[in-house]
Amino acid sequence: MSEFFAELFSYPFIVRAVIVGILVSLCASLLGVSLVLKRYSMIGDGLSHVGFGSLAVATALNVAPLSVSVPVVVLAAFLLLKVTENSKIKGDAAIALISTSSLALGVIVISLTTGMNVDVCNYMFGSILAMSKSDVKLSIALSVAVLVLFVVFYNRIFAITFDETFAKAIGLKTNLYSMLIALLTAITIVLGMRIMGVLLISSLIIFPALTSMRVCKKFKTVTISSAIVSVVCFFAGIVISYVFATPTGASIVIVNIVAFVAYWITGLVLRKAWLR
Amino acid sequence: MALLTCENVSLAYDGETVVSDLSFEVKPGDYLCIVGENGSGKSTLIAGLLGLKKPTAGFIAMGDGLKQTEIGYLPQQTNIQKDFPASVFEVILSGCLNSGNLLPFYTKRDKRKATDNMERLGLTNLKNRCYKELSGGQQQRVLLARSLCATKKLLILDEPFSGLDPIVSGEFYQLVRTINLEMKITVVMVSHDIRSAVENATMILHLNQKPLFFGRTADYIESEAGRRFIGGNGNV
């Protein structure tokens with residue numbers, strides 16, 4: 001067993017992917033609890049498509065991908081939030097609008113410049129090879145910032161997620177905190193996108209929270225359980241992807257599905273035992 | 001000195017004026033019921049009192065050292081998601097967030113306050129239960145405990161009885177009455193239920209976009225607006 005892990009971690013690109021991946025899944029799962037409960041699950045999906053568009057443009061212009069993606073996706077997150085609030089166009093429609101537009105833009109830019117190739121496939125489904133050394137540094141710094149902000153504002157995030165009107169009435173700046181959540185989500189998405197892939201990154205946000213809610217009944221336990229579930233699933237997914245040479249992102253999602261089913265059954269059994 | 005003063009207030013909803021030319025005062029210790037038909041501007045007025053909506057004319061002022069963020073507010077039940085994972089204690093504690101404490105965690109004092117209010121409303125044995133698994137009446141009591149954590153002076157309740165059966169809402173009225181009398185907390189309540197409103201409140205504001213009546217409950221029963229509104233429901 002230890003030999004296996006020694007072998008696994010002898011590849012620097014795997015070590016990089018594991019470090020960044022664990023931090024990103026942690027961030028995603030924590031934010032996910034609030035996003036899922038606020039019915040914003042699809043925001044992750046929409047933002048990742050925006051990320052795809054911006055990556056394509058960055059590649060075409062030959063600049064560092066993260067330095068373009070982060071600001072663009074953050075901007076899109078604010079925009080989505082604003083649109084959802086002053087809903088002339090409904091939230092889900094707005095997300096679909098923005099995500100397909102940026103996907104189309106990205107595909108056009110890629111086909112005009114490099115042509116459709118392996119890179120596109122890697123963007124879409126993720127690649128464990130995606131992380132360079134400088135990416136790792138930036139990713140660690142940003143993830144730590146996300147985690148710290150989440151912990152510091154945890155109680156306020158709970159209050160706003162639970163009952164926004166009340167939170168507003170007792171003087172919490174609900175718009176500010178919504179912006180904060182959007183900002184943190186955007187950063188998390190961009191960081192995780194290249195390991196997980198555009199099409200799968202939102203699973204990191206949605207699955208752990210939904211899984212935990214099958215069993216846990218408190219906000220705190222849901223949050224803690226989400227964090228654990230997401231890190232465990234991520235790691236198991238990486239190992240599976242290494243052993244069976246399967247795509248990383250998809251493997252992680254599969255492990256998440258297994259965890260979801262396991263929690264779901266546990267929840268059913270517990271409820272039955274409780275009723276008896 | 002009045003706790004709340006509204007003077008010639010107009011409020012708009014989606015650009016349309018729904019309350020106009022409203023003046024009234026709430027004095028410490030009052031129990032004011034705001035009554036009126038659907039769409040008479042009651043909820044918009046509440047939003048105005050809480051500072052969530054700016055009046056388009058006139059002004060709303062706080063007195064007696066009351067800060068806007070120190071109003072205990074019980075929103076309509078519909079604002080809260082039915083499947084939210086949160087324990088009773090977590091919900092009640094969140095009422096303490098207006099204390100200006102910027103720490104990332106709750107202080108001992110916050111927890112003390114939440115525990116006291118939980119005890120006061122008979123919720124102690126539900127402390128670790130999940131909010132969504134409680135009955136409608138229990139949920140309302142949890143939200144009441146939360147709003148008590150946010151205030152020492154003024155409670156604003158927005159239709160706290162919609163969806164509760166008569167026995168439970170009777171108990172809830174009793175509870176609000178006790179809070180008003182024993183804790184000396186001023187109560188402003190929006191209600192559909194004119195009969196119970198007249199039985200419990202000391203002051204009545206009858207709203208139909210314009211104020212039809214504002215004054216003591218006893219005078220309201222004798223007034224024309226009062227007689228017409230109570231009329232169909234039998235004599236009080």
Side-chain angles (χ1 to χ4, degrees), chain A residues 32-41 86-88 147-177 180 208-226 263 267 270-271 274-275, chain B residues 14 43 46-47 49-53 67-107 110 127-134 142-143 146-147 149-151 154-156 158:
Chain A
V33 177
S34 182
L35 291 173
V36 166
L37 287 168
K38 276 187 135 312
R39 305 282 182 266
Y40 284 164
S41 301
N86 324 332
S87 48
K88 277 260 154 55
L147 289 176
V148 168
L149 283 171
F150 184 87
V151 172
V152 167
F153 292 115
Y154 168 81
N155 286 329
R156 285 162 179 78
I157 290 175
F158 166 77
I160 286 160
T161 314
F162 182 69
D163 187 347
E164 197 164 337
T165 327
F166 179 81
K168 233 185 235 170
I170 61 170
L172 295 184
K173 306 265 177 291
T174 52
N175 283 341
L176 200 72
Y177 289 107
L180 178 72
L210 276 183
T211 302
S212 306
M213 279 161 64
R214 296 310 104 201
V215 172
C216 305
K217 302 290 179 206
K218 290 187 193 177
F219 195 76
K220 192 171 265 168
T221 49
V222 168
T223 308
I224 293 170
S225 157
S226 300
Y263 263 66
L270 283 180
R271 201 160 312 141
W274 194 68
L275 286 177
Chain B
D14 269 348
S43 294
I46 294 292
L49 295 181
L50 291 168
L52 305 179
K53 214 170 232 330
K67 282 189 210 146
Q68 195 139 46
T69 56
E70 285 172 358
I71 298 175
Y73 171 49
L74 184 72
Q76 286 191 27
Q77 182 83 41
T78 45
N79 291 333
I80 288 154
Q81 292 168 22
K82 301 284 184 214
D83 61 345
F84 201 102
S87 73
V88 167
F89 196 54
E90 284 179 313
V91 173
I92 296 176
L93 258 178
S94 70
C96 298
L97 283 171
N98 64 343
S99 60
N101 159 25
L102 288 174
L103 297 171
F105 42 82
Y106 293 110
T107 60
D110 292 338
K127 180 177 176 184
N128 288 315
R129 285 281 298 281
C130 178
Y131 174 82
K132 72 183 172 195
E133 288 168 357
L134 304 181
V142 172
L143 298 187
R146 177 183 67 170
S147 54
C149 282
T151 191
L154 175 63
L155 266 185
I156 294 187
D158 194 356

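Sequence lines set the chain letters: A, B, ... in the order given, protein chains first and strands last, and positions in each chain run from 1.
Using a 4.5 Å cut-off between heavy atoms, B/I71 contacts chain A through its backbone alone, with no side-chain atom that close. With a threshold of 4.5 angstrom between heavy atoms, A/V151 approaches chain B through N, CA, C or O but not through any side-chain atom. With a 4.5 Å cut-off on non-hydrogen atoms, B/E70 does not touch chain A at all. Using a 4.5 Å cut-off between heavy atoms, B/V88 makes no contact with chain A at all. For a residue to count as touching a neighbouring chain, one of its non-hydrogen atoms must lie under 4.5 Å from one of that chain's; by this rule A/F166 touches chain B with backbone and side chain alike.
Interface check for chain A: of the options B/A86, B/A47, B/S94, B/G72, the most heavy-atom pairs under 4.5 Å are formed by B/A86.
Two residues are said to be in side-chain contact when any heavy atoms from C-beta on lie closer than 4.5 Å; A/L37 and B/P85 meet this criterion.
Rounded to the nearest 0.5 Å, atoms CD1 (A/I160) and OG1 (A/T174) are 6.0 Å apart.
Scanning for side-chain hydrogen bond (donor to acceptor under 3.5 Å, both in side chains) contacts around B/S147 gives an empty result, with sequence neighbours left out.
Cation-pi geometry between B/K132 and B/F84 is not met: the NZ or CZ atom fails to fall both under 6.0 Å from the ring centre and inside 45° of the normal.
For the side chain to side chain donor-acceptor pair (under 3.5 Å) condition, the pairs that include at least one residue of residues 214-223 of chain A, sequence neighbours left out, are A/K218-B/N128.
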